[in-house]
Amino acid sequence: MIKKFLKRVFRKSAKTKTVGNAQVIPFDVHGVARTGLSYGANKVCDGLQVAGFEAYVVGGAVRDLLLAKTPKDFDVATDATPEEVRRVFRRSRIIGRRFRLVHVMFGEEVVEVSTFRRMIEAEDAQTDAHGRLLRDNEFGDQEQDAARRDFTANGLFYHPATQEIFDYHGGYADTQNGVLRMIGDPLVRYREDPVRMLRAVRLSAKLGIQIEPATAAPIHKMKALLDNVPEARLLDEVLKMLLSGHSVACIQALRKMNLHQGLLPMLDAIFAHASGEKFIMLALRNTDERLSQDKSVSPAFLFAALLWPEVANTWQRHVKAGERPQGAMYEAMDEVLQRQKKRMAIPHRHDAVMKEIWLLQQRFEQRGGLRPLRLLEHPRFRAGYDFLLLRCASGEVDADLGLWWDEFQDASEAQRAEMLQPEKSPEKKRRRRKPRSKPAAGAGGATE
Ligand code: ATP
Ligand code: MG
């Protein structure tokens with residue numbers, strides 16, 4: 001308490017100074033020590049400075065540290081060209097075609113180093129018919145580099161040696177006030193890159209800060225510009241939202257701003273059905289929780305969940321039309337994936353895993369013979385089981401089924417034999433439509 005008070009008094013007495021157009025905020029005011037940076041970020045900045053260049057930690061990491069969050073990764077901005085950076089660090093490589101960056105490797109850590117660049121002046125800018133910027137790859141200085149960034153909080157430069165922050169757009173005050181504000185005229189900046197609208201939603205949800213009114217206001221009328229953004233980039237941003245650890249907050253914010261329609265066509269279709277919405281929100285909540293516990297989350301699992309209500313509906317329709325359940329599932333999966341791909345390019349590489357997860361769902365219903373034992377051996381069992389639990393939690397299937405599998409996994413051989421249901425005879429198998437019966441205690445061993 002006293003410590004906090006003293007810190008506040010002390011900070012107030014510390015002075016910010018002005019260098020050119022930058023406010024320079026000293027450590028005593030902002031309180032972010034260089035020890036809060038990653039090993040690699042410190043090494044890169046020190047290495048470049050020793051070689052005679054300027055180097056600063058920039059962007060999301062500075063913002064996150066000021067907001068007492070743990071940065072995902074560290075980016076460095078410098079006046080050295082990519083070739084010059086490459087020469088300073090042996091373990092580095094130049095990446096990117098449009099704008100070349102350098103990745104410097106330190107064990108598992110990769111620090112992304114970019115050369116200061118400037119926004120291209122209006123008359124030289126290459127834009128599409130809607131004003132979207134197609135090129136922004138001219139080298140520039142620090143001030144120009146700050147101006148081309150999206151939000152004031154993302155435009156701060158941290159100097160590890162002096163622990164000072166260079167601020168050209170009032171980003172430090174904005175972080176302190178919990179405000180996400182666009183640098184420059186929001187209308188122009190959204191036109192240049194409509195994805196910034198989604199970034200505003202994601203960052204405010206993730207950081208728990210408010211989008212400043214003038215930054216929020218144009219989103220409503222400019223959202224149609226998102227139609228012109230290449231699908232791969234849109235998918236990238238949507239994935240960032242879903243995997244941000246705050247996906248529920250992001251989706252709620254998107255809905256509030258009416259941005260979810262057309263953006264995630266899968267959500268459009270699904271939010272039309274209350275049961276689908278419940279399942280998806282549960283899947284997202286579950287994803288957020290896993291991320292907060294540092295557990296892995298696979299995009300394929302997430303896509304499988306987002307599309308499940310549509311797959312399940314289509315599947316039911318085919319079954320009602322008289323198709324066998326398994327054949328109907330194959331049809332439903334292909335139909336939904338095809339429909340989906342036309343609207344939003346989920347990469348093909350996820351198809352196989354999504355299909356496996358969906359197909360496993362039927363197999364969880366089969367608790368007779370040796371089938372459950374074989375299912376336990378399936379390489380995708382864990383994902384399929386996690387998916388089943390979501391279906392149980394949403395009320396789509398009986399909670400008993402999830403409990404049975406929970407028990408079965410940890411049971412001894414003898415217990416498992418007891419839990420297995422008697423194998424049905426071939427005639428009965430064909431008419432398997434009646435509701436599942438509960439596992440009978442002492443039903444006898446496996447008979448297959
Ligand atoms: P996080 O990494 O937490 O998702 P971030 O702000 O670091 O958030 P990145 O995509 O890593 O996001 O971008 C790094 C920095 O590059 C940003 O902080 C911002 O300064 C700049 N930037 C990223 N995307 C844009 C954009 N569309 N327009 C302008 N500047 C951008
Ligand atoms: Mg980042």
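Computed over heavy atoms, backbone and side chain alike; hydrogens, waters and symmetry mates excluded.
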Apply salt bridge (charged side-chain N to carboxylate O under 4.0 Å, His left out) to R149 and D145, showing your working. CA-CA 7 Å; R149 292 177 183 274; D145 194 71; 2.8 Å; yes

Would you please test R339 and E310 for side-chain contact (heavy atoms from CB on, under 4.5 Å) and show each step? CA-CA 10 Å; R339 210 161 29 200; E310 216 178 324; 3.3 Å; yes

Stepwise side-chain contact (heavy atoms from CB on, under 4.5 Å) test for L401 and R391: CA-CA 10 Å; L401 187 62; R391 294 172 62 221; 5.8 Å; no

Please evaluate residues E83 and R100 with respect to the criterion salt bridge (charged side-chain N to carboxylate O under 4.0 Å, His left out), reporting the C-alpha separation (whole Å), side-chain torsions for both, the decisive distance (0.1 Å), and the verdict. CA-CA 10 Å; E83 288 73 19; R100 291 175 321 134; 2.6 Å; yes

Is there a salt bridge (charged side-chain N to carboxylate O under 4.0 Å, His left out) between E192 and R189 once you walk through the steps? CA-CA 5 Å; E192 281 169 6; R189 305 302 313 277; 3.0 Å; yes

Starting from the C-alpha separation in whole Å, work towards a yes-or-no answer on salt bridge (charged side-chain N to carboxylate O under 4.0 Å, His left out) for D386 and K295. CA-CA 13 Å; D386 284 345; K295 289 188 189 161; over 6 Å; no

Starting from the C-alpha separation in whole Å, work towards a yes-or-no answer on side-chain contact (heavy atoms from CB on, under 4.5 Å) for F89 and K43. CA-CA 10 Å; F89 302 102; K43 276 284 194 199; 5.6 Å; no

Going through the distances and angles, do W405 and Y385 end up as a ring-ring contact (aromatic ring centres under 6.0 Å, His included)? CA-CA 8 Å; W405 277 100; Y385 169 69; 7.7 Å; no

Run the side-chain contact (heavy atoms from CB on, under 4.5 Å) check on L207 and D64 step by step: do they pass? CA-CA 8 Å; L207 301 166; D64 290 352; 3.5 Å; yes

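Environment of CD in Q409: crowded, with over 12 heavy atoms of neighbouring residues, nucleotides or ligands closer than 6.0 Å. Heavy atoms from other residues, nucleotides or ligands lying under 6.0 Å from CZ of R255 number more than 12. Within a 6.0 Å sphere centred on NE2 of H220, other residues, nucleotides and ligands contribute 12 heavy atoms or fewer.
For the residue pair E109 and S38, a side-chain donor N or O sits within less than 3.5 Å of a side-chain acceptor on the partner. Side-chain contact of R181 with T215: a donor-acceptor pair under 3.5 Å is absent, judged by distance alone. Side-chain contact check for W308 and Q361: no donor-acceptor pair (N or O, by modelled atom type) lies under 3.5 Å.
In this structure, V111 and A41 approach most closely via the heavy-atom pair CG2-N, 3.8 Å. Of all heavy-atom pairs between H318 and A328, the closest is CB-CB, 3.6 Å. Closest heavy-atom contact between G178 and I209: O-CB, 3.3 Å. Closest approach of V201 to A253, counting heavy atoms only: CG1-CB, 3.6 Å. Closest non-hydrogen pair, A304 versus W358, comes out as O-NE1, 3.1 Å. Shown here for P309 and A305, the closest heavy-atom pair between the two residues is CD-O, 3.4 Å.
Proximity of K355 to L337: side-chain heavy atoms (C-beta onward) are separated by under 4.5 Å at one or more points. Contact of the L242 side chain with the T287 side chain is not registered, since no non-hydrogen atoms from C-beta on lie closer than 4.5 Å. With a 4.5 Å cut-off on side-chain heavy atoms, M105 and R93 count as touching. Using a 4.5 Å cut-off on side-chain heavy atoms (C-beta onward), F74 and V44 make no contact. D79 places none of its side-chain heavy atoms less than 4.5 Å from the side chain of E84. Side-chain contact between L156 and R63 is absent, with no heavy atoms from C-beta onward closer than 4.5 Å. F381 has its side chain out of reach of L360: every pair of non-hydrogen atoms, C-beta onward, lies at least 4.5 Å apart. A 4.5 Å side-chain heavy-atom check between K206 and K69 finds every atom pair outside the cut-off.
Rounding to the nearest 0.5 Å places CZ of R196 at 12.5 Å from CD1 of I219. How far CG of D174 is from CD of Q210: 12.5 Å, rounded to the nearest 0.5 Å. Distance CG/D400 to CG/D406: 12.0 Å, rounded to 0.5 Å. Distance check, rounded to the nearest 0.5 Å: CG of L226 to CG of L198 gives 5.0 Å. Between atom CG of residue L66 and atom NE2 of residue H30 there is a gap of 7.5 Å, rounded to the nearest 0.5 Å. Interatomic distance, M119 CE to Q144 CD, rounded to the nearest 0.5 Å: 9.5 Å.
Looking only at distances, no side-chain donor or acceptor of E212 sits under 3.5 Å from a matching main-chain atom of M182. For the pair D288 (side chain) and V248 (backbone), a donor-acceptor distance under 3.5 Å is present. Put simply, the side chain of Y172 never gets that close to the backbone of Q23: no donor and acceptor are under 3.5 Å apart.
Between F166 and H159, the two ring planes are tilted [angle within 30° to 60°]. Taking the six-membered ring where the residue is Trp, Y56 and F116 present tilted rings, their angle falling between 30° and 60°.
With sequence neighbours excluded, the residues forming a ring pair (Phe, Tyr, Trp, His ring centres under 6.0 Å) with F301 are F387, listed by chain and number.
With F408 as the aromatic partner, R416 meets the cation-pi criteria of under 6.0 angstrom to the ring centre and within 45 degrees of the ring axis.
Under a 4.0 Å N-O distance rule, the pair R317/E331 does not qualify as a salt bridge.
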